[in-house]
Amino acid sequence: MPASQARYRPETRLVHAGTLRSQFGETSEALFLTQGYVYETSAQAERRFKNEEPGYQYSRFANPTVAMFEARMAAFEGAEAARATATGMAAVTVALLGQCKAGDHVVAAKALFGSCRYVVEDFLPRYGIASTLVDGTDLKQWKNAVRPNTKTFFLETPTNPNLDIIDIAAVAKIARAAGATLVVDNVFATPLFQSPLALGADCVVYSATKHIDGQGRCLGGVVLGAEKFIQDNVQSLIRQTGPSISPFNAWVLLKGLETLSVRVHRQTDTAATVSVALVDHPKVTRMIYPGRPDHPQAAIAQKQMRGGSTLVAFEVKGGKAGAFRFQDALKLIRISNNLGDAKSLITHPATTTHQRIGAAARAELGITDGMVRLSCGLEHPDDVCEDLLAALDKV
Ligand SMILES: *Cc1c(COP(=O)(O)O)cnc(C)c1O
């Protein structure tokens, strides 16, 4: 981060960091929708390809709009380097695959976003990279899973959909002692509420599709870490295999960052309001919210997070039938597996996002048939609560 940015608080960096102004002096960041770049002379092209002169060559490698998004993300996160990808899954895959070769071993928490679990459990082993899934909240299991060839640890916290909290600093310590790195998927907390690098992680990944866009428009991802981590593991893989982000999507996400702090604070307030409004309702049998003192890992949340969550998970009476009747009775809140949107969205994980892993794995993760996950949007909190309470009457 340039020294000129370091003195500003994260909210200010979200608006200004990384801006590159063209010769036209535009206020808003320009969208450079170009595949390639022209050179003044043959000698200049040669110098660019030999890395003897800074500048752009091809948008699979780098693009000015993408560079602005990456610089703003790095400044916000407090990371030395960031690389944007086409999706959050590309970011996760690059961060894990980029560190490993056949014969290596990965340890991951079993409470993962569905596709992340597929990458660890099914995809990496096809290329000779073994994996072990552990209960992320049980530090002994991380320790016991370590093998001489363990290369990296991977976790998300708060977890999807049950909002369990994993102690990042404690897991980072175990990883370091094992000579392994730690990658944290920080989508649910956002950089606003949790800084995994400061807690000892080596790499942070985001699906920018979620709170960073925040208005449900386009897909994107980011990998962040120390310059050396990115150069050694991420840079060539992205450049040569091509999970690069479109400059258009990077531009949308760059503009999304400007409003992220305002949106996420408001959505978090609404989520906290919902958790209070519903916790004692006779049709709600369980309420999970990281800001609540009755959360199973409340002390860890207090220690490592600066805010609650824009998501609330709760269990509706009557199992699957009860949850379906409840969701179908909602008028304002829409049924969708996405999250972080301006629109409040609700999902039934057992039949959608976590359907693939089967009943036994769901039981292990505490995902019951009555459980729903609500992503709070930007509507008036009273309208969100009234919609939920009216639908609970129909259960
Ligand atoms: C959505 C999500 C992803 C995947 O991101 P895409 O942009 O959909 O590829 C990964 N991890 C978490 C926690 C997510 O919520």
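Position 1 is the first residue of the sequence; numbering continues from there. Just follow the structure's listing: the first ligand is 1, and inside any ligand the first atom is 1.
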Would Lys343 and Glu379 satisfy salt bridge (Lys or Arg N to Asp or Glu O under 4.0 Å), going step by step from the backbone distance to the final call? CA-CA 7 Å; Lys343 295 176 173 66; Glu379 304 91 347; over 6 Å; no
Under 4.0 Å, counting heavy atoms only: does Cys116 come that close to any atom of ligand 1? yes
Cation-pi between Lys320 and Phe324: NZ/CZ under 6.0 Å from ring centre and within 45° of the ring axis? yes
Are Asn160 and ligand 1 in contact, using a heavy-atom cut-off of under 4.0 Å? no
Linking I/L/V/M/F/W/Y whenever their side-chain heavy atoms sit closer than 4.5 Å, directly or via other members, would Tyr58 and Leu237 fall into one cluster? no
Could you tell me, atom by atom, which parts of ligand 1 come under 4.0 Å of a heavy atom of Met89? 4 (C), 5 (O), 6 (P), 9 (O)
Which atoms of ligand 1 are found less than 4.0 Å from any heavy atom of Ser207? 1 (C), 2 (C), 3 (C), 4 (C), 5 (O), 6 (P), 7 (O)
What protein heavy atom lies closest to atom 1 (C) of ligand 1? Include the residue and the distance to one decimal. Lys210 NZ, 1.4 Å
Looking just at side-chain N and O atoms, do Gln235 and Arg83 make a donor-acceptor pair shorter than 3.5 Å? yes
Under 3.5 Å, is there a donor on one side chain and an acceptor on the other for Glu46 and Ser42? no
Starting from atom 4 (C) of ligand 1, what is the nearest protein heavy atom, named by residue and atom, and what distance separates them? Phe113 CE2, 3.4 Å
Distance filter under 4.0 Å to Asp185 heavy atoms, resulting ligand 1 atoms: 10 (C), 11 (N), 12 (C), 13 (C)
Looking at Tyr8, is Arg13 sitting on its ring face, NZ or CZ under 6.0 Å from the six-membered ring centre and within 45 degrees of the normal? no
Using a strict 4.0 Å threshold on nitrogen-to-oxygen distance, state whether Glu53 and Arg47 make a salt bridge. yes
What do you reckon, are the aromatic ring centroids of Phe188 and Phe113 less than 6.0 Å apart? no
Could you tell me, atom by atom, which parts of ligand 1 come under 4.0 Å of a heavy atom of Thr87? 7 (O), 9 (O)
Could you tell me, atom by atom, which parts of ligand 1 come under 4.0 Å of a heavy atom of Gly88? 5 (O), 6 (P), 7 (O), 9 (O)
Provide, to 0.1 Å, the distance between atom 7 (O) of ligand 1 and the closest protein heavy atom, together with that atom's residue and name. Thr209 OG1, 2.6 Å
Proximal ligand 1 atoms for Glu156, defined as those under 4.0 Å from one of its heavy atoms: 13 (C)
